[in-house]
Chemist: 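One structure coming up, written as structure tokens, with questions to follow.
Chain letters run A, B, ... following the sequence lines, proteins first, then strands; residues in each count from 1. Worth knowing before you read on, the calculation uses all heavy atoms, side chains too, and leaves out hydrogens, waters and symmetry mates.
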Amino acid sequence: MNELLSKLNNEQREAVEHINGPLLVLAGAGSGKTRVLTTRIAYMIGKKGIAPWNILAITFTNKAAKEMKDRVETLVGADANDMWVRTFHSACVRILRRDIERLGYDKNFNIIDSDDQKSLVKECLKELGFEEKQFPPKSVMSEISFAKDNLLTPIEYAQEYGVDFRKKELARLYALYQKKLKTANDLDFDDLIMLTVKLLHENEDVLEFYRNKFRYILVDEYQDTNKAQNELIILLAGQHRNLCVVGDDDQSIYKFRGADITNILDFEKAFPECRTIRLEQNYRSTQNILDAANNVIKNNYGRKGKKLWTDKGKGKNISVYKAQNEHDEASFIANTMSALSRDGYSYSDMAVLYRANASSRALEEVFMRKAIPYRVLSGLRFYDRKEIRDMIAYLRLIKNPDDDISLKRIINTPSRKIGKVTLDKIAAAAEREGTSLLRAIGSYKDGLGQNVADFYDLIITLQEFAKDNKISELVNEVYEKTGYRAFLETDEKAQERDENVNELINGAANYEEANEDASFEEYMDNLALISDIDNYDEDLQAAIFMTMHSAKGLEFPIVFICGFDEGIFPSMMSMASSEDLEEERRICYVAITRAREILYITCAKSRMLYGKTSGYKSSRFLDEIPQELMDITDNTPRVEESWVPKTSTFNPYEIPKSSLTSYSAPAPKPVSNKTFRAGECVVHKKFGRGIIISATPVGNDVHYEIAFESVGTKNLLGLYAKLEKA
DNA sequence: CTCAGCTAGATTTTT
DNA sequence: TCTAGCTGAG
């Protein structure tokens, strides 16, 4: 134990040894936060004799939870298993499974994900006669989520915001949505937190039980908590007050999904007797990199203030490359990487970080062409894949026959010739009987046709199968018996999809091995709460591309940050409010501090975005990095003054077509050999004869507006329209 | 019921 | 420009 402590610096050691009473650890990037947390737990158990079952450690991701548990286990051994190391959501599921009946819910609830949420919202919109244009499902979802994050029931939400006409309608939607969830015995992610808080609020004995159990609480990534999560923690720790929260206000980058930075900023107000410790010594990066990060982040107002330092030395300067366009930018990155690789660096030591996933395209093109190994940490995650979600929907329906959302998803996938008409009939029957869709089918199946009856029997058979077979066998059985395997064979992406389902089956088998006595129910909870298979294989010899958000918590010897342009980063959408801009700056701080040794920053004078080429000014964040830390290479050709608008507060601006250069751009597409002018008569393969109203050159193509004799006016592109002279 | 064709919209993402 | 998701014709 003493040996463990001796590996820590003074601040770290203090954070480990301060066990009683509230503690706020402001842990800068790369300051050994995880080491502090795990050592602290080991210290509590090994030195202070605190029982593992009295400890609750909360993280945000399963990955972090697993890592923490593993590391504690190597320190203290099997004792670690008696400790709760869980994500917020999985801790809440466990609490709710025990006592949710107190809130009038069924113990056997299912957890739905955002995709199901969306279809449910759409249903509610339809039922209340709202237009999706007026209430986009996405924004309805985030409003409901906002309400739940703030612990507001539909009624409370209406009271609070009902004066606003739109919000009044949203409250109705929220109420209906909630009613539907409850009938289907489903909870969404936000319910898990909100209902747990409600449970503890309304049931003194339950609260007592957990307060007594969790005498020591640790929370990781505290800057990412929302109001409901914070409330939960405060409730649990409110009595014994042995609460240690670890976080970095400068790395709060999840406001858009409800994270409330004031939780960490006001922690000292909520717990006035708290001890605050700053971890500012960085063990990751060179001083130049840290200076860049420090100088950027110091421009934010809403922060506690920290200054990272290292004893590693200054290291290399930051290389900045100003590219002509995104292709040039990508080529620079590719060429630099291949040079570094010749110098003995491994591609797996290198990462490219960008603000938005769309930026990976230009990079991929170039890397593919130059045959440099790369991987994209993509937006589409394993459990979001259609085939996986379909399989899970079957499993959910098998587990919970009332799960209408899942039933609707798969009743006709693969096709069983059960369409909208039949489904409406079933829904009407269910409505009449006040029951769920599957149960309605059960009572009326003779009247609904053979297809529906077969589907019903299929689910019942699988339910039986689930009772006395292993989970992996059940998943396999579902794959076979539902016809899904055969269905995939007809798909052009068949092989990949089949592999994904097999991966799911393997995953189930692994789960059985790791949790011998695990039930089907537990497996399903695990499925619902796990975000992705943590299959980011660090040993693979390839450079990795990812968003700055996904890079949080990771580090690489060599980092390229691309798209350092006003409007790209900071993102256009953030430029209206200073709060959002500060969040962008925190993202920048996160991105810079991912680098251990070498940092490259690139921007481009012009880029194609959404099919339009615009000019860009380099990011304001670049101006915030001291000149002396940077070596700048400018590959932008000198151009006449008129090129850049003099009063260029408005960015990005449209580039005059004439000044576009084709430098290192991909070969232009073949220009259509026939072009037409306004007034000419043309013939289209499908639309027949028409007259050209206007012809506008767009890049190397021409955009035509054509009035056809039979189908009216259409907008067509010359390259694709295959027009003939009439 | 299905599938082709068109339109609108397009940060960031965990659970 | 790309693509997901809706609409209307078969």
Chemist: Scan A/Val93, A/Leu187, A/Thr196 and name whichever one has a side chain to side chain contact (heavy atoms under 4.5 Å, CB included) with A/Ile100.
Modeler: A/Leu187

Chemist: Base, sugar-phosphate alone, or nothing: which one does A/Thr61 contact when heavy atoms must sit under 4.0 Å apart?
Modeler: sugar-phosphate

Chemist: Taking atom types as they are modelled, would you say the side chain of A/Arg355 forms a donor-acceptor pair with the base of B/dT12 within the 3.5 Å cutoff?
Modeler: yes

Chemist: Can you tell me how far P of B/dT14 sits from NE2 of A/His89, to the nearest Å?
Modeler: 12 Å

Chemist: Heavy-atom nearest nucleotide on DNA chain B for A/Ser114 versus A/Ile418: which residue maps closer to 5'?
Modeler: A/Ile418

Chemist: Quickly work out the A/Asp115 CG to B/dT14 P distance and round it to whole Å.
Modeler: 15 Å

Chemist: Tell me whether A/Lys33 is salt-bridged to A/Asp220, with the criterion being a basic N under 4.0 Å from an acidic carboxylate O.
Modeler: yes

Chemist: Any Lys/Arg nitrogen of A/Arg389 or A/Asp116 sitting under 4.0 Å from an Asp/Glu carboxylate oxygen of the other?
Modeler: yes

Chemist: Whole angstrom is fine here: how far is it from CD in A/Gln223 over to P in B/dT14?
Modeler: 15 Å

Chemist: Closest heavy-atom contact between A/Asp248 and A/Ala29?
Modeler: OD2-N, 3.7 Å

Chemist: Does the ring centre of A/Tyr177 sit less than 6.0 Å away from the ring centre of A/Tyr174?
Modeler: no

Chemist: Quick one: on DNA chain B, does A/Asn412 or A/Ser574 contact a more 5' nucleotide (nearest heavy atom)?
Modeler: A/Asn412

Chemist: Could you state the NZ-C1' distance from A/Lys138 to C/dG5, rounded to the nearest angstrom?
Modeler: 13 Å

Chemist: Between N or O atoms, less than 3.5 Å apart, protein on one side and nucleotides 6-8 of chain C on the other: list the pairs.
Modeler:
residue: C/dC6; atom: OP1; partner: A/Lys122; partner atom: NZ; Å: 2.6

Chemist: Rounded to whole Å, how long is the line connecting atom NZ of A/Lys552 with atom P of B/dT11?
Modeler: 21 Å

Chemist: If you only use heavy atoms from C-beta on, which nucleotide in B/dT13, C/dC2, B/dC1 is closest to the side chain of A/His549?
Modeler: B/dT13

Chemist: Quick check against the 3.5 Å criterion: does A/Asn325 have a side-chain atom that pairs as donor or acceptor with the backbone of A/His327?
Modeler: yes

Chemist: Using a cut-off of strictly less than 4.0 Å, decide whether A/Ser550 has a side-chain nitrogen or oxygen near OP1 or OP2 of B/dT13.
Modeler: yes

Chemist: What integer distance in Å separates A/Lys126:NZ from C/dG5:P?
Modeler: 15 Å

Chemist: As a test of reading the structure: which of B/dT14, B/dC1, B/dT12 is closest to the side chain of A/Thr547, going by heavy atoms?
Modeler: B/dT12

Chemist: Nearest whole Å is fine: how far is B/dT13 P from A/Asp190 CG?
Modeler: 18 Å

Chemist: Looking only at non-hydrogen atoms, find the nearest pair between A/Tyr354 and A/Val376 and report the distance.
Modeler: OH-CG1, 3.7 Å

Chemist: Please answer whether B/dT12 and A/Phe256 are stacked, defined here as ring centres separated by less than 5.5 Å and planes angled under 30°.
Modeler: yes

Chemist: Which part of the nucleic acid, if any, lies within reach of A/Gln117 when heavy atoms closer than 4.0 Å are counted: base, sugar-phosphate only, or nothing?
Modeler: nothing

Chemist: Does B/dT12 have its OP1 or OP2 closer than 4.0 Å to a side-chain nitrogen or oxygen of A/Asn357?
Modeler: yes

Chemist: Taking only side-chain nitrogens and oxygens of A/Tyr254, does any of them come within less than 4.0 Å of OP1 or OP2 of B/dT15?
Modeler: no

Chemist: Of all the nucleotides listed (C/dG5, C/dT1, B/dT15), which has the minimum atom distance to the side chain of A/Met608?
Modeler: C/dT1

Chemist: Find the distance A/Asn226:CG to B/dT13:C1' and express it as a whole number of Å.
Modeler: 14 Å

Chemist: Of the nucleotides B/dT13, C/dT3, C/dT1, which has the atom closest to the A/Tyr610 side chain?
Modeler: C/dT1

Chemist: Could you note down all residue pairs passing salt bridge (charged side-chain N to carboxylate O under 4.0 Å, His left out) where residues 405-418 of chain A supplies at least one of them, sequence neighbours left out?
Modeler: A/Asp115-A/Arg409, A/Glu123-A/Lys408, A/Asp390-A/Arg409

Chemist: Suppose you measure atom P in B/dT12 against the same atom in C/dG5; what distance do you get, rounded to whole Å?
Modeler: 15 Å

